[in-house]
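This report concerns only the one structure given below.
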Amino acid sequence: MRHFIIFFEEKEGTSPLVRLLNNFDQISIVHQIGNTGWEPFDRHNCGEMPLESFAQCLDLVFNQAPLDLERLNHIYTQTAKSPLENFNKNTAVGFKIRFKPQPMMQALFDVVKKNEVVVFIAIRQDLLRWALSKYHGDGTGQKGHLQFKMAKKEISKDQIGKIHVDHKRLEKIIARCQISHAKKQNLRKAYKRAGIDVHLLRYEDFLVDKLKYFQRIFKILEITLSVEEINSAIGKGAYFEKVHSDQISDFVENYQDVMEKFGHYSFGN
């Protein structure tokens, strides 16, 4: 088994991904105690962690020594709001993390290289739908995450209203998505040049065939599981459900105008 990191940005489907991975006995997703803090080393969970502490935590997570959770949490809780849940180093240990400022990216690189950690980079190929997910936000066009509201039963899918999309604003979001794609490809190339095992995880593949998607991940992590074992873990659920319909017209009022102007950014068009 091999340890791993998943790099991500919002609206790329990594929340259900890590919850599903955590259903497998052969996987340990590092997160804060209880059903919280699933991005343990992002600032909103770990606070302003000094670079040295960040690097020490990563090494304690991924090195070959037995887990010293007391030492790890002693460092981690200097800034984090909650300690890390216990995890099993005899499994494939991993977590998801957003792109960090350059010094922290260097610390990540050093630990990944030293401990031969597999790097996954989450990517959403359909730029238009990714941008619309960001635009839609809390369901009103403001920033927010509908999937968390739905998971908490605060809102149901049929209660999500349509929004009128401003072309100029959407164009800016698409541009930012394009920049993100370029950064991810550059990161992938840099890691490959350094001899690090790096792979793209496409959100669209996750939607089309979850069994095949997880079979690929487990092959990379050198974990052997039967089809029945994978389907059983997937069947336990991920707390989340898909927010947006495949039909843009279901949540965008002026979808015809949007498709006419931006349809070429949609995957498969």
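Side-chain atoms are counted along with the backbone in the values below, which use heavy atoms only and exclude waters and symmetry mates.
Looking at C57 and L72, their side chains come closer than 4.5 Å, going by heavy atoms from C-beta outward. Proximity of C177 to E9: side-chain heavy atoms (C-beta onward) are nowhere separated by under 4.5 Å. Residues P50 and T79 have side chains in contact (heavy-atom distance under 4.5 Å, counting atoms from C-beta outward). Under the 4.5 Å side-chain criterion, counting only non-hydrogen atoms from C-beta, Y265 is not in contact with D126. K134 has its side chain out of reach of L132: every pair of non-hydrogen atoms, C-beta onward, lies at least 4.5 Å apart. The side-chain heavy atoms of I27 and M1, taken from C-beta on, include no pair separated by under 4.5 Å. Looking at W38 and Q32, their side chains never come closer than 4.5 Å, going by heavy atoms from C-beta outward. Between E70 and H74, every side-chain heavy-atom pair lies at or beyond the 4.5 Å cut-off.
Remark: the backbone N or O of R202 is not paired with any side-chain donor or acceptor of Q125 at under 3.5 angstrom. Under the 3.5 Å distance criterion, the side-chain polar atoms of D205 are left unmatched by any main-chain donor or acceptor of Y213. In terms of modelled atom types and a separation under 3.5 Å, the side chain of E85 and the main chain of G34 share a donor-acceptor contact. Checking side-chain atoms of E253 against main-chain N and O of V165 turns up no donor-acceptor pair under 3.5 Å. Proximity of a side-chain donor or acceptor of T14 to a complementary backbone N or O of L17 within less than 3.5 Å is not detected. The backbone N or O of L108 sits nowhere less than 3.5 Å from a side-chain atom of K113 that would complete a donor-acceptor pair. Using a distance-only test at 3.5 Å, with no hydrogens or angles considered, a donor-acceptor pair links the side chain of T77 to the main chain of N73. Side-chain atoms of N254 never come within 3.5 Å of backbone atoms of D257 as a donor-acceptor pair (strictly under, hydrogens ignored). Looking at H31, its side chain never comes within 3.5 Å of a backbone N or O of G37 through a donor-acceptor pair.
Partners of R43 under the side-chain hydrogen bond (donor to acceptor under 3.5 Å, both in side chains) rule, at least two apart in sequence or in another chain, are E48. For D59, the side-chain hydrogen bond (donor to acceptor under 3.5 Å, both in side chains) partners at least two apart in sequence or on another chain are K114, N115. D42 is linked by a side-chain hydrogen bond (donor to acceptor under 3.5 Å, both in side chains) to R98, counting only residues two or more places apart in sequence or in another chain. In terms of the ring pair (Phe, Tyr, Trp, His ring centres under 6.0 Å) criterion, F4 has no residue partners (sequence neighbours excluded). In this view, H199 and D197 satisfy the side-chain hydrogen bond (donor to acceptor under 3.5 Å, both in side chains) rule, not counting sequence neighbours.
Under a hydrophobic clustering in which Ile, Leu, Val, Met, Phe, Trp and Tyr are joined whenever their side-chain heavy atoms come within less than 4.5 Å, directly or via other members, F206 and F24 fall into the same cluster. A single hydrophobic cluster is seen to contain both L84 and M104, as judged by linkage of ILVMFWY side chains at heavy-atom distances under 4.5 Å, directly or through other members. Clustering ILVMFWY residues whenever any of their side-chain heavy atoms sit less than 4.5 angstrom apart, transitively, puts W130 in a cluster other than the one holding I123. Follow the hydrophobic side-chain contacts under 4.5 Å out from L60 and you reach L51 in the same cluster. Follow the hydrophobic side-chain contacts under 4.5 Å out from M105 and you reach M49 in the same cluster.
Across every non-hydrogen atom of I33 and S82, the tightest pair is CG2-CB, 4.5 Å. Across A55 and V111, no two heavy atoms sit closer than the pair O-CG2, 4.1 Å. The two residues I97 and K100 have their closest heavy-atom pair at CD1-CE, 3.6 Å. Annotation for P40 and C46: closest pair O-CB, 3.3 Å, computed over non-hydrogen atoms.
Within 6.0 Å of CD in Q185 there are more than 12 heavy atoms belonging to other residues, nucleotides or ligands. Within a 6.0 Å sphere centred on NE2 of H167, other residues, nucleotides and ligands contribute more than 12 heavy atoms.
Using a cutoff of 4.0 Å between basic side-chain nitrogens and carboxylate oxygens, R124 and E12 are not scored as salt-bridged. In this structure, R169 does not pair ionically with D166, as no charged nitrogen and carboxylate oxygen lie closer than 4.0 Å.
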Side-chain donor-acceptor contacts of residues 214-225 below 3.5 Å, not counting sequence neighbours, with atom names and distances?
from	atom 1	to	atom 2	distance (Å)
R216	NH1	L200	O	3.0
R216	NH2	L200	O	3.0

Worked verdict on N88 versus S28 for side-chain hydrogen bond (donor to acceptor under 3.5 Å, both in side chains): CA-CA 6 Å; N88 184 1; S28 290; 5.5 Å; no
Stepwise ring pair (Phe, Tyr, Trp, His ring centres under 6.0 Å) check, F99 with F7: CA-CA 7 Å; F99 290 97; F7 283 111; 5.5 Å; yes
side-chain contact (heavy atoms from CB on, under 4.5 Å) between N186 and K184, worked out: CA-CA 5 Å; N186 288 338; K184 288 175 180 179; over 6 Å; no
Full working for ring pair (Phe, Tyr, Trp, His ring centres under 6.0 Å) between F109 and Y191: CA-CA 8 Å; F109 177 89; Y191 274 38; 5.4 Å; yes
Verdict with reasoning, S266 to R129, per side-chain contact (heavy atoms from CB on, under 4.5 Å): CA-CA 7 Å; S266 185; R129 283 176 169 78; 2.8 Å; yes
side-chain contact (heavy atoms from CB on, under 4.5 Å) between V198 and F120, worked out: CA-CA 6 Å; V198 56; F120 293 112; over 6 Å; no
Trace of the side-chain contact (heavy atoms from CB on, under 4.5 Å) decision for I121 with I6: CA-CA 6 Å; I121 301 175; I6 301 173; over 6 Å; no
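Atoms CG and NZ, on L20 and K236 in that order, are 11.0 Å from each other to the nearest 0.5 Å. Annotation: the span from K192 atom NZ to R188 atom CZ amounts to 5.5 Å, rounded to 0.5 Å. Here CD1 of I174 is found 9.0 Å from NZ of K261. Values are rounded to the nearest 0.5 Å. Taking CG of L21 as the start and NZ of K96 as the end, the distance is 11.0 Å to the nearest 0.5 Å. For the atom pair T36 OG1 and N45 CG, the distance stands at 7.5 Å (nearest 0.5 Å).
K89 forms no cation-pi arrangement with F87, by the criterion of a distance under 6.0 Å to the ring centre and an angle within 45° of the ring axis.
For Y76 and F54, the ring centers sit 6.0 Å or farther from each other.
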